[in-house]
Protein chains: 2
Amino acid sequence: MPIKQPMRLALVDDHTLFRKGLISLIKMVCNDCEIVFEADNGNDLQLKLNKQTIPDIILMDVNMPFMDGFATVEWLNKNYPQIKVLVVSMITKEDSIVRMLKLGVKGYLCKDVEPNELGDALNAIMDKGFYYTDFITGKLVHSLQKIDTQNEKHSGIRLMNDREKDFLKLACSELTYNQIAAQMYLSPKTIDGYRDALFDKLQVKSRVGMALYAVKYGLVQL
Amino acid sequence: MPIKQPMRLALVDDHTLFRKGLISLIKMVCNDCEIVFEADNGNDLQLKLNKQTIPDIILMDVNMPFMDGFATVEWLNKNYPQIKVLVVSMITKEDSIVRMLKLGVKGYLCKDVEPNELGDALNAIMDKGFYYTDFITGKLVHSLQKIDTQNEKHSGIRLMNDREKDFLKLACSELTYNQIAAQMYLSPKTIDGYRDALFDKLQVKSRVGMALYAVKYGLVQL
DNA sequence: AAATAATAAAGGATTTTAACTGTATTTGGT
DNA sequence: ACCAAATACAGTTAAAATCCTTTATTATTT
């Protein structure tokens, strides 16, 4: 039976007191882990990270002086993609969470989290690669939908009729208007009319503008 | 103390046998729920749904004849936004899952799910409004990151030089090539050359195709 | 039944885009 | 110094897109 390696952790947070507190909590919930180093911010991390000190997981703050969490995770992705990042931050802004998730962090915890959940998160990340709470998932799903609900507001969409929507989808391609006309069983001149109508309704001046509008407001998917 | 209302459910799935099986499972895991109706597809749902038959949750398939899950959820969002949708589908394609989540479905289960999890999902949706499994969350987070990692794969991007990238950004607008040339302090003929080069490198045949490529692979943001 | 609105389509003119071929000039490498 | 490449640009045609005006045919409303 394989000997379980101790979990190697590193902490990046500019608040020394919080860092020390976090370490003592980790020791309590996880009896087989090792803190390989602590850093005050991204710059400090770059200095302290080398072949001997590569951790499995880095617990990372977002707001830090000199080099913040976003820049640090980007740098880690480029230079040490194997290291997993668990964000531990006060920041609950949806945009920040989504931005971090886009950067590929494996979890995102609020600093007021229960010690046990911290342990769960670390184990889950080691075990299955990530730990996303309902809170994070909720934010994520909400941010996905935000785009669509914004759209409803956006005028042009309601003004379009079904044929025009069909045409718009086809216009977001490399077909010429003649080919679109053929596909829709309509005269090219009718297509001309649809285009003119949509230019007016969507407030665009070219087919490129129209196509980008359609993508922006989710009327066609790429 | 308030009397707990029974959970009102409806099923939309074109496979009668699966529907019936699902109902018997629901009866087993949930002793206080009522099936208000079943439908074969979205069209059928529209006929069967009225003031007397408004369910709390609709269990919805994705692939259905005549009117599929996407169209049906869109219609529900417009006409009965209070009804929560739980997708129960064989489809595990990331794009389908993300598209459904964008439409605001409250959960997404695979058809091979354990009966107990079905019960958990229904209760979670009634209780806190949603039920997203790790599988779904994983797909979601992955799709967020995909755009960036896909780029690396997609050849065209590496082949472009800086001037061509600048041009590409400007081409994703309603400027004519002459106007772009002026903005870049270049001859329109040089712009012609950039366009021809990019058409070749990105494998597109028109400015629309080029603009959509740029958006798809995150080279320009809308 | 008449007026109105929506849909489909035509003619004609102009601009923009696209495709192809070719030529100086510059730049990096050996 | 010489070769190869990348860069900037020109000419020519053809095709596609854009703009504008007008008309015939259905639906819808009054």
Side-chain angles (χ1 to χ4, degrees), chain A residues 152 154-217 219-220 222, chain B residues 46 71 75 78-79 154-217 219-220 222:
Chain A
E152 312 281 311
H154 231 268
S155 50
I157 292 157
R158 277 190 306 276
L159 295 170
M160 281 188 289
N161 62 40
D162 290 345
R163 285 305 261 173
E164 284 169 348
K165 283 178 189 169
D166 292 342
F167 160 70
L168 181 56
K169 285 188 183 64
L170 291 171
C172 295
S173 75
E174 301 200 314
L175 297 170
T176 69
Y177 289 136
N178 277 327
Q179 293 171 322
I180 294 173
Q183 276 205 25
M184 292 181 74
Y185 302 103
L186 287 171
S187 156
K189 284 298 178 181
T190 304
I191 295 299
D192 260 23
Y194 285 178
R195 184 200 55 222
D196 291 352
L198 284 188
F199 277 18
D200 192 43
K201 290 178 183 177
L202 309 182
Q203 304 258 55
V204 295
K205 289 192 290 293
S206 70
R207 183 167 167 182
V208 171
M210 185 167 66
L212 295 175
Y213 182 106
V215 173
K216 183 171 181 178
Y217 296 111
L219 294 152
V220 294
L222 295 178
Chain B
Q46 292 177 330
W75 181 85
K78 192 164 293 172
N79 297 283
H154 234 268
S155 49
I157 290 157
R158 277 192 306 276
L159 296 171
M160 280 189 288
N161 62 41
D162 290 345
R163 291 299 266 172
E164 285 169 348
K165 282 179 190 168
D166 291 342
F167 160 69
L168 181 55
K169 284 187 184 64
L170 290 170
C172 296
S173 75
E174 302 201 315
L175 298 170
T176 69
Y177 290 136
N178 278 327
Q179 292 170 322
I180 293 173
Q183 276 205 26
M184 291 181 74
Y185 302 106
L186 288 170
S187 156
K189 284 299 174 180
T190 304
I191 296 299
D192 260 23
Y194 286 177
R195 183 201 55 219
D196 291 351
L198 285 187
F199 277 19
D200 191 42
K201 291 177 182 177
L202 309 182
Q203 304 259 56
V204 296
K205 289 192 290 293
S206 69
R207 183 167 168 183
V208 171
M210 184 167 65
L212 294 176
Y213 182 105
V215 172
K216 183 171 181 178
Y217 296 111
L219 294 153
V220 294
L222 296 177

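This one's a predicted model, so the numbers in the text were calculated from it and none came from an experiment. Throughout, a chain's letter reflects where its sequence line sits, starting with A, and its residues are numbered from 1.
- When the P atom of dC9(D) is taken as reference, atom OH of Y194(B) falls 8 Å away, rounded to whole Å.
- Nearest-nucleotide positions on DNA chain D place N178(A) closer to the 5' end than the other of N178(A) and K205(A).
- At whole-Å resolution of the value, CD1 in I191(B) and P in dA8(D) are 9 Å apart.
- Counting non-hydrogen atoms under 4.0 angstrom, Y185(A) reaches nothing in the nucleic acid.
- In this structure, CD of E174(A) is placed 18 Å from P of dA15(D), rounded to the nearest angstrom.
- Atom-to-atom, CG of D162(B) to P of dA6(D) comes out at 15 Å; the value is rounded to the nearest Å.
- Side chain of K201(A) to main chain of L159(A): a donor-acceptor pair is present (N/O by atom type, distance under 3.5 Å, no hydrogens or angles).
- Salt bridge absent: K169(B) and D166(B) never bring a charged side-chain N and a carboxylate O closer than 4.0 Å.
- In the interface, the side chain of D192(A) is paired with the base of dC19(D) through a donor and an acceptor atom under 3.5 Å apart.
- At whole-Å resolution of the value, CZ in F199(A) and C1' in dC20(D) are 14 Å apart.
- Scanning DNA chain C 5' to 3' for nucleotides with an atom closer than 4.0 angstrom to a non-hydrogen atom of chain A gives a first and last hit of dT7(C) to dG12(C).
- Of the options R207(B), M210(B), Q203(B), K165(B), a side chain to side chain contact (heavy atoms under 4.5 Å, CB included) to L198(B) is made by M210(B) and by none of the others.
- One N or O on the side chain of E174(A) and one on the backbone of S206(B) form a donor-acceptor pair closer than 3.5 Å.
- Taking atom CG on L202(A) and atom P on dT18(D), their separation rounds to 13 Å, with Å as the unit.
- T190(A) comes within 4.0 angstrom of a base, heavy atoms only.
- Between the C1' atom of dT25(D) and the NZ atom of K189(A) lies a distance of 19 Å, rounded to the nearest Å.
- Applying the 6.0 Å contact sphere to CG of D162(A) captures no more than 12 heavy atoms from other residues, nucleotides or ligands.
- Distance CG (D196(B)) to C1' (dA15(D)): 14 Å, rounded to an integer number of Å.
- Looking at M184(A) and T190(A), their side chains never come closer than 4.5 Å, going by heavy atoms from C-beta outward.
- Contact of the I180(B) side chain with the Y194(B) side chain is not registered, since no non-hydrogen atoms from C-beta on lie closer than 4.5 Å.
- If you check dC9(D), dT7(D), dA16(D) against the side chain of T176(A), the one that comes closest is dA16(D).
- Phosphate contact (OP1/OP2 of dA15(D), side-chain N/O of Y177(A), threshold under 4.0 Å): absent.
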